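Reading through the structure tokens given below for one structure.
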Amino acid sequence: MRRSLTKKQIIRSKAEIDNVFKAGKRSSLSCFKLYVAKNCLEYSRMIVIPARHYGNSVQRNLIRRQVKEIWRTNQDKFPSGLDFVVIVYPTRKAETTFENKQKTLLELFMKTIPLAG
RNA sequence: AAGGUUCUUCAAGCAAUCGCUUAGGUGCCGGCCUUCCGGCGCCCGAGAGGAAAGUCCGAGCUCCACAGGACAUGACGCCGGGUAACGCCCGGGAGCCGUAAGGCUACAGAGAGUGCAACAGAGAGCAGACCGCCUGCGGCGACGCAGGUAAGGGUGAAAGGGUGGGGUAAGAGCCCACCGGGAAUGCAGCAAUGCGUUUCGCAUGGUAAACCUCGUCAGGAGCAAGGCCAAGAAGCGUGUGGAUUGUCCGUCCCAGUCACGCGGGUAGGCCGCUAGAGAUUGUCGGUGACGGCAAUCCCAGAUAGAUGAUUGCAUAAACAGAACUCGGCUUAUGAAGGGCCUUCAUU
RNA sequence: GGGCCACUAGCUCAGUAGGUAGAGCAACGCCCUUUUAAGGCGUGGGUCAUUGGUUCAAACCCAAUGUGGCUCA
């Protein structure tokens with residue numbers, strides 16, 4: 001299976017995001033909060049939303065890219081046809097490495113996906 | 001060597017793997033399977049900054065049934081130059097700061113007018129006399145009255161040229177010397193201004209980042225401008241008619257496809273959107289900002305927003321992410337190098 | 001992305017042709033009352049968002065910076 005992340009797989013409209021917030025199952029771990037909901041498509045979609053006052057634009061871009069990268073490289077472990085919304089809150093810890101983020105995010109995904117069915 | 005000052009440059013790179021956006025080429029599929037448009041692949045290139053930031057100025061560009069005048073309003077303000085333009089830059093002058101290198105300056109006008117200056121002080125704007133000093137008169141005296149005076153004291157941010165001498169009853173530009181200032185004038189300079197000469201004893205200070213005067217400039221709004229397509233919706237009320245920033249004149253548009261207010265609907269796509277006051281190199285002119293000429297090149301165009309992750313090269317760190325585009329300013333910030341100045345040491 | 005506005009006591013706000021910053025509520029102390037509330041009297045508390053400049057003097061005038069908010073199709 002290809003591990004790409006095209007434009008199609010980014011949730012685009014505000015209405016769809018609101019739908020995930022409303023209908024999705026949620027759980028949180030560390031500084032991440034995940035919403036998962038079923039969509040009526042054959043493929044999965046996702047979006048990363050840094051919380052308000054999350055650093056400056058460089059830090060917001062960085063966390064978005066890193067979370068996208070983690071989701072991309074591990075998406076074959078998830079069932080398809082789901083919408084993911086990841087909210088990132090500012091951390092008190094000065095530096096968390098990419099490996100730590102990957103570990104906690106994977107744990108969070110595995111915890112939440114069964115809830116969404 | 002230490003400290004200071006100023007200028008310049010860079011914004012880590014390379015390789016491999018996976019992944020994103022996109023110019024070009026190409027294959028397949030679809031759409032009135034030619035042009036063309038869309039989708040999915042492959043190949044080969046390209047892919048954030050010096051500040052992309054703050055939005056403080058100046059422009060291009062777009063629209064406003066036209067932009068014309070007067071007044072208002074706002075900005076700027078030594079002189080000359082550069083520039084598309086500027087409140088920017090360069091050169092020069094003046095003043096101030098610094099031992100110096102060097103830096104800073106809203107740097108036009110207060111002798112056009114109006115205003116302001118709390119408290120203190122006798123007196124604060126064409127002054128004034130509290131303590132003093134001196135003279136005269138009265139008185140034994142302390143002192144009082146009348147006058148002269150502004151050197152000294154005191155108040156204040158500021159008290160009507162400064163220092164020294166002469167002069168005088170005491171004093172005072174009253175007189176003189178030097179410094180400062182005004183007026184006229186000569187020379188140098190495009191000019192700001194500088195250097196002189198003559199003359200005037202010279203009351204008329206501060207504040208224009210107070211109003212103002214003089215000069216120069218400015219129509220308004222901004223790519224969420226503006227245009228096209230698709231979808232959707234529900235109208236109602238008010239109006240010395242509306243547009244041109246404010247007012248007046250003028251001009252234009254006309255009775256709605258007008259303006260304003262309330263309410264309802266849509267928040268999808270395409271164009272604008274990157275070839276430009278462009279970049280690099282060379283050369284010529286200029287003290288310099290910059291300009292001329294020639295050659296070569298095409299160098300981000302996203303739309304919830306493209307640059308990330310891992311490994312290796314002993315190591316990788318600052319501020320920070322384009323959103324129509326340029327020229328500046330300001331602010332944040334890492335590293336490297338050069339020039340110059342001061343002090344100390346050595347030769 | 002563009003445009004606009006605000007920042008004064010713990011809170012809500014006054015304060016302008018520049019002259020030593022105030023009100024209400026809150027806090028604290030006292031009085032009154034059997035007690036509380038209310039009422040009365042008094043007290044403290046401010047780098048006037050920050051940093052420079054103009055001025056004799058700045059909350060006020062000017063510039064830069066920061067923070068917060070509103071708005072557009």
Side-chain angles (χ1 to χ4, degrees):
Chain A
M1 185 177 178
R2 282 190 69 256
R3 289 186 294 183
S4 64
L5 178 64
T6 55
K7 263 185 177 178
K8 233 168 49 180
Q9 290 175 275
I10 303 288
I11 304 173
R12 307 186 78 179
S13 70
K14 186 163 161 50
E16 288 172 315
I17 296 168
D18 285 342
N19 188 45
V20 176
F21 278 135
K22 219 166 115 186
K25 303 293 177 188
R26 66 171 187 272
S27 64
S28 61
L29 189 66
S30 182
C31 59
F32 300 105
K33 194 169 189 180
L34 179 67
Y35 287 79
V36 181
K38 277 187 190 174
N39 60 8
C40 304
L41 301 167
E42 292 179 355
Y43 49 87
S44 287
R45 301 184 302 179
M46 63 91 65
I47 191 168
V48 184
I49 305 175
R52 201 174 166 79
H53 304 301
Y54 184 92
N56 54 25
S57 56
V58 174
Q59 290 167 320
R60 284 196 297 272
N61 267 332
L62 183 68
I63 194 71
R64 175 160 49 220
R65 284 164 184 158
Q66 286 177 336
V67 173
K68 271 161 74 178
E69 177 71 15
I70 292 162
W71 190 81
R72 184 184 67 77
T73 49
N74 294 290
Q75 63 176 309
D76 52 347
K77 298 173 188 166
F78 313 143
S80 59
L82 294 172
D83 278 353
F84 296 85
V85 175
V86 181
I87 299 173
V88 188
Y89 293 97
T91 42
R92 297 231 177 85
K93 295 169 193 170
E95 286 187 31
T96 47
T97 58
F98 181 80
E99 280 181 13
N100 284 340
K101 284 172 192 164
Q102 189 163 26
K103 229 171 96 183
T104 55
L105 266 177
L106 276 177
E107 199 180 320
L108 183 59
F109 279 131
M110 289 309 163
K111 199 171 90 179
T112 318
I113 288 165
L115 297 175

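Quick caveat, the model's predicted, so the values are computed rather than measured. Quick note on labels: first sequence line is chain A, next is B, and so on, each numbered from 1.
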Please produce a list of atom pairs where a protein N or O lies less than 3.5 Å from an N or O of nucleotides 316-322 of chain B.
{"from": "B:G321", "atom 1": "OP2", "to": "A:Ser57", "atom 2": "OG", "distance (Å)": "2.9"}
{"from": "B:G321", "atom 1": "O5'", "to": "A:Ser57", "atom 2": "OG", "distance (Å)": "3.1"}
{"from": "B:G321", "atom 1": "N7", "to": "A:Asn61", "atom 2": "ND2", "distance (Å)": "3.3"}
{"from": "B:G321", "atom 1": "O6", "to": "A:Arg65", "atom 2": "NH1", "distance (Å)": "3.0"}

Discussion item. Quick check on B:G308: is either OP1 or OP2 less than 4.0 Å from any side-chain nitrogen or oxygen of A:Gln66?
Written reply: no
Worksheet entry | Same-atom distance (P) from B:C262 to B:G256, integer angstrom | 25 Å
What is the glycosidic conformation of [N]: syn, defined as within 90° of 0, or anti?
{"N": "B:A210", "answer": "anti"}
{"N": "B:A11", "answer": "anti"}
{"N": "B:U199", "answer": "anti"}
{"N": "B:C299", "answer": "syn"}

Item to complete: Report the base-pairing partner of B:A169 (Watson-Crick or G-U wobble, both distances below 3.5 angstrom), or none.
Response: none
Discussion item. With a 3.5 Å limit on both atom pairs, tell me what B:G87 is paired to, counting Watson-Crick and G-U wobble, or say none.
Written reply: none
Practice prompt. Using atom CZ of A:Arg45 as one end and atom C1' of B:A304 as the other, report the distance to the nearest whole Å.
Written response: 13 Å
Worksheet item: What integer distance in Å separates A:Phe98:CZ from B:U311:P?
Response: 10 Å
Worksheet entry | With A:Thr104 via side chain to side chain donor-acceptor pair (under 3.5 Å) - residues at least two apart | none
Discussion item. To the nearest 0.5 Å, what is the distance between CZ on A:Arg26 and CG on A:Leu34?
Written reply: 12.0 Å
